[in-house]
Amino acid sequence: MPELPEVETVRRRLGPVMEGARFERVILRRKGLRRPFARNFAGRLTSQTVCALERRGKYLLAGLSSGETLVMHLGMSGSFRIDLDTSQTPRGDDDVRHDHVVFRMSSGAVVTYNDPRRFGVMDLVARGKLAQHPAVGALGPEPLEPAFDGAALARACAGRRISLKVALLDQRVVAGLGNIYASEALHLAGLSPRRRASTIATPAGLPKPDAHRLAEAIKQVLREAIARASGRRYRSSRFRVYDRNGERCRTRRCKGTIRRFSQAGRSTFYCPDCQH
DNA sequence: ATTGAGACCTGTCGGC
DNA sequence: TGCCGACAGGTCTCAA
């Protein structure tokens, strides 16, 4: 479940057991995930201390004592499991088939990366080279930072002929939105996913009112999702439009029906009656 | 320069 | 029950 809110939730869970702890042992159960692991990945990690565990878009970044950065991405199906009792790891009910990477930390925690589809990423980046990392270095603004606003969004969308929905999935436009929250934000903002991205900006690249509305909707949708996921006993939430094809729109006084269609090979959900 | 299509993997679900 | 296609919360690469 890996868009920004879910990755942020993972960061908050892993932080307490990884920050300030050393990698005592790193086990790789296969040669790589989406791509092969870096040469001597396990060896270079072992005995290093994690100074800080941060998030950038959908990436987790573990700053290491050497100055290197461990870059992690959950792909479509990645997840971490934390086992505090090392004597019985993994527990009997865990599906161990897709446990690809195991970190034994000096905190006593065993952190296991599981990823059935193996679209995830684990990469080690040299000191000072993060900005040159092809994916992390190209990321757009963090949507929850003050620097991200309607003006920033308009600048990134100006002149672009792609649809608004596809633009929101472009990690250079804004970092961390995925297929669910792109649809959700557009619905909250009342903007059609079919519109050209350029229509939220003036020809000069300045924000129209829709750009401000969309930037605020993005922030709100992400904040609410983080709060839901981090809160105890979250109900595996219902979304505003995502995965609700054929259901009634929940916007007040809207009698529309949620529709699903395909954009750039991915499902988009929206209400034709209240998104323009 | 932009944009869409296909590739990468495995699992699940609905229809026949 | 079993088989088959469609689909899944993400990127990357390639060709138009």
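Quick note on labels: first sequence line is chain A, next is B, and so on, each numbered from 1.
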Discussion item. Grouping I, L, V, M, F, W and Y whenever their side-chain heavy atoms are under 4.5 Å apart, do A:L28 and A:M105 come out in a common cluster?
Written reply: yes

Practice prompt. Send over the distance from A:R30 CZ to B:dT10 C1', rounded to a whole Å.
Written response: 11 Å

Item to complete: Look at A:R160 and B:dT2 and indicate whether a side-chain polar atom (N or O) is within less than 4.0 Å of OP1 or OP2.
Response: no

Discussion item. Which label fits A:F239 and A:Y181: parallel for a plane angle under 30°, tilted from 30 to 60°, or perpendicular past 60°?
Written reply: perpendicular

Worksheet item: What is the distance, rounded to the nearest whole Å, between atom CG of A:L4 and atom P of C:dT11?
Response: 11 Å

Worksheet item: OP1 or OP2 of B:dA1 sitting under 4.0 Å from any side-chain N/O of A:R161?
Response: no

Worksheet item: Among A:Q263, A:R259, A:R260, whose side chain to side chain donor-acceptor pair (under 3.5 Å) with A:T268 holds?
Response: A:Q263

Worksheet item: Below 4.0 angstrom from OP1 or OP2 of C:dG9, is there any side-chain N or O of A:Y242?
Response: yes

Worksheet item: Distance check: side-chain N/O of A:H98 vs OP1/OP2 of B:dG11, anything under 4.0 Å?
Response: yes

Worksheet item: How long is the line joining CG of A:L169 and P of C:dT11, in whole Å?
Response: 9 Å

Fill in: P gap between B:dC9 and C:dC14, integer Å
15 Å

Worksheet item: Hey, is the side chain of A:Q171 poking within less than 4.0 Å of OP1 or OP2 on C:dG10, counting only N and O atoms?
Response: no

Discussion item. Strictly by Watson-Crick or wobble contacts shorter than 3.5 Å, is anything paired with B:dC9, and which nucleotide is it?
Written reply: none

Worksheet item: What nucleotide among C:dG9, C:dC7, B:dC8 has an atom nearest to a side-chain atom of A:F119?
Response: B:dC8

Worksheet item: Is it true that the side chains of A:R81 and A:Y113 contain a donor and an acceptor less than 3.5 Å apart?
Response: no

Practice prompt. Verify whether one side chain among A:Q48 and A:S66 offers a donor that lies under 3.5 Å from an acceptor in the other.
Written response: yes

Worksheet item: Taking CG from A:D243 and P from B:dT12, how many angstroms apart are they, rounded to a whole number?
Response: 17 Å

Worksheet item: Looking just at side-chain N and O atoms, do A:H187 and A:R240 make a donor-acceptor pair shorter than 3.5 Å?
Response: yes

Worksheet, complete the sentence: Expected list for residues 261-271 of chain A near DNA chain C, using heavy atoms below 4.0 Å, is A:R266, A:S267

Worksheet item: What integer distance in Å separates A:I180:CD1 from C:dG9:C1'?
Response: 4 Å

Worksheet item: A:D170 CG to B:dA1 P: how many Å, rounded?
Response: 16 Å

Worksheet item: Given the C1' atoms of B:dT3 and C:dG9, what is the spacing between them in whole Å?
Response: 23 Å

Discussion item. Do A:T112 and A:D99 pair up side chain to side chain, a donor and an acceptor below 3.5 Å, judged on atom types alone?
Written reply: no

Worksheet item: A:K165 NZ to B:dG4 P: how many Å, rounded?
Response: 12 Å

Worksheet item: Quick one: is A:K58 getting a side-chain N or O under 4.0 Å of the C:dT11 phosphate, OP1 or OP2?
Response: yes

Worksheet item: Between A:R97 and B:dG11, is there a side-chain N or O to OP1/OP2 distance below 4.0 Å?
Response: yes

Worksheet item: For C:dA15, what is the paired nucleotide under Watson-Crick or G-U wobble rules, both distances under 3.5 Å?
Response: B:dT3

Worksheet entry | A:Y270 side chain reached by A:R194 side chain, heavy atoms, under 4.5 Å | yes

Item to complete: Give A:I162 one of three labels, base, sugar-phosphate or nothing, depending on what nucleic acid heavy atoms sit under 4.0 Å from its own.
Response: sugar-phosphate

Heteroatom pairs (N/O) under 3.5 angstrom, protein to nucleotides 12-16 of chain C:
from, atom 1, to, atom 2, distance (Å)
C:dC12, OP1, A:R34, NH2, 3.1

Fill in: Rounded distance (Å) that lies between atom P of B:dA7 and atom CE of A:M76
16 Å

Worksheet item: For A:E216 and A:Q220, does a side-chain donor sit closer than 3.5 Å to a side-chain acceptor?
Response: no

